[in-house]
Amino acid sequence: MAYNNNDIIVIPDIHGRQFWRRAVELYPDADTIFLGDYHDPYPAEGITNEESLANLRELFDYVKSHDNVHLLMGNHDLNYFADFGKKVRYDEKNTRTIRSLLTEILPRMTIATTRIVSGKTIFFSHSPVLVDWVKDAGVSDDVPTLVKTLNDSIKNLDTDPSEAVKLLRYVPSYRGGEAPFGSPTWADVRELDNDGKQIIDTIDYSIFAHTRVNPPRITSKWADLDSQRAFRLTQELKMIEI
């Protein structure tokens with residue numbers, strides 16, 4: 001399918017991997033959304049923390065010179081600012097350096113963002129926004145209000161993470177936590193069924209990562225793209241692997 005200038009490039013969890021480079025080289029001017037989790041590599045993949053850190057520096061340098069790139073935060077990124085419920089593969093040795101890099105790029109990062117594609121509201125976050133979380137956290141399910149609430153919570157993350165912790169510290173049992181459901185940085189794809197009833201109905205379509213699946217899981221209501229590859233979202237709401 002031919003590339004349309006209005007297509008959106010979506011890049012799921014990096015975790016030190018380099019597949020993002022090909023996507024931005026092919027589509028350097030496209031609206032590009034990273035879905036979070038940039039460090040903390042999987043040891044089984046043979047990526048060291050030092051290699052992942054070098055990749056992180058390169059990514060953030062690229063973002064600084066490209067206004068068309070949008071960075072979301074995932075649970076792994078948040079954990080370098082505070083205890084958000086559970087730390088997995090946390091890089092103790094390089095904590096100070098990673099937090100410094102994240103703090104520097106923080107003005108370019110959000111928890112959620114939306115786009116209108118073919119008249120539908122497409123909601124991008126690291127994990128899905130669940131009905132039960134919205135009710136328990138006491139936040140509005142009006143999409144613009146919800147996005148603002150989530151993104152405002154990290155504006156002062158480096159100095160006062162308390163509001164972000166309050167909203168996002170919901171780790172479900174699927175992830176070794178005690179919460180009955182996950183937050184938009186912790187919810188697991190296993191909390192969903194194909195019809196997406198667990199996702200707030202003000203969202204027309206939800207795109208997230210966080211839970212590794214291969215091949216990607218793409219339904220009529222949501223897409224989990226954490227499959228170690230990038231995607232192109234077309235104006236016809238088709239997900240094309242890059």
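Please read all numbers here as calculations on a predicted model, not as lab measurements. Just the heavy atoms: all of them, side chains too, but no hydrogens, waters or symmetry mates, feed the values below.
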Determine, stepwise, if the pair Leu157 / Met73 fulfils side chain to side chain contact (heavy atoms under 4.5 Å, CB included). CA-CA 11 Å; Leu157 188 63; Met73 293 195 85; 3.8 Å; yes
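- Using a cut-off of 4.0 Å between Lys/Arg side-chain N and Asp/Glu carboxylate O, Asp141 and Lys135 are scored as not salt-bridged.
- Remark: the backbone N or O of Glu178 is not paired with any side-chain donor or acceptor of Ser173 at under 3.5 angstrom.
- Although no hydrogens or angles enter the test, the distance criterion places no donor-acceptor pair under 3.5 Å between the side chain of Arg232 and the main chain of Glu241.
- Close placement of the Trp222 and Phe208 rings is indicated, their centers lying within 6.0 Å of each other.
- With no hydrogens or angles considered, a side-chain donor-acceptor pair links His126 and Asn75 at under 3.5 Å.
- Counting only distance, with no hydrogens or angles, the side chain of Ser227 and the backbone of Asn214 share no donor-acceptor pair below 3.5 Å.
- A salt bridge links Arg21 with Glu58: the closest approach of a Lys/Arg side-chain nitrogen to an acidic carboxylate oxygen falls below 4.0 angstrom.
- Take Lys93 and apply the salt bridge (Lys or Arg N to Asp or Glu O under 4.0 Å) test, not counting sequence neighbours, and it matches Glu50.
- Taking a cutoff of 4.0 Å between a charged side-chain nitrogen and a carboxylate oxygen, Asp31 and Arg115 qualify as a salt bridge.
- Residues passing the side chain to side chain contact (heavy atoms under 4.5 Å, CB included) test with Asp132, sequence neighbours excluded: Phe181.
- Defined by atom type and a distance below 3.5 Å, a donor-acceptor pair is present between the side-chain atoms of Asp136 and Tyr170.
- His15 and Ser52 form no side-chain donor-acceptor contact under 3.5 Å, judged by distance and modelled atom types alone.
- Residues Lys64 and Glu104 are paired through a salt bridge, judged by an N-O separation under 4.0 Å between the basic side chain and the carboxylate.
- For Ser162, the side chain to side chain contact (heavy atoms under 4.5 Å, CB included) criterion is met by Asp160, not counting sequence neighbours.
- Applying the ring-ring contact (aromatic ring centres under 6.0 Å, His included) test to residues at least two apart or on different chains, none of the pairs has a partner in residues 223-242.
- Residues that satisfy the side chain to side chain donor-acceptor pair (under 3.5 Å) test with Arg108, not counting sequence neighbours, are absent from this structure.
- With Tyr80 contributing its side chain and Asp91 its backbone, the two residues share a donor-acceptor pair below 3.5 Å.
- Annotation: side chain to side chain contact (heavy atoms under 4.5 Å, CB included) contacts of Glu45 (sequence neighbours excluded): Arg17, Tyr42, Ile47, Arg212, Gln228.
- Side-chain atoms of Asn68 and Tyr27 form no donor-acceptor pair, as typed in the model, at a separation below 3.5 Å.
- Here the side chain of Asp37 pairs no donor or acceptor atom with the backbone of His210 at under 3.5 angstrom.
- The closest side-chain donor-acceptor pair between Asn49 and Arg89, if any, does not fall under 3.5 angstrom.
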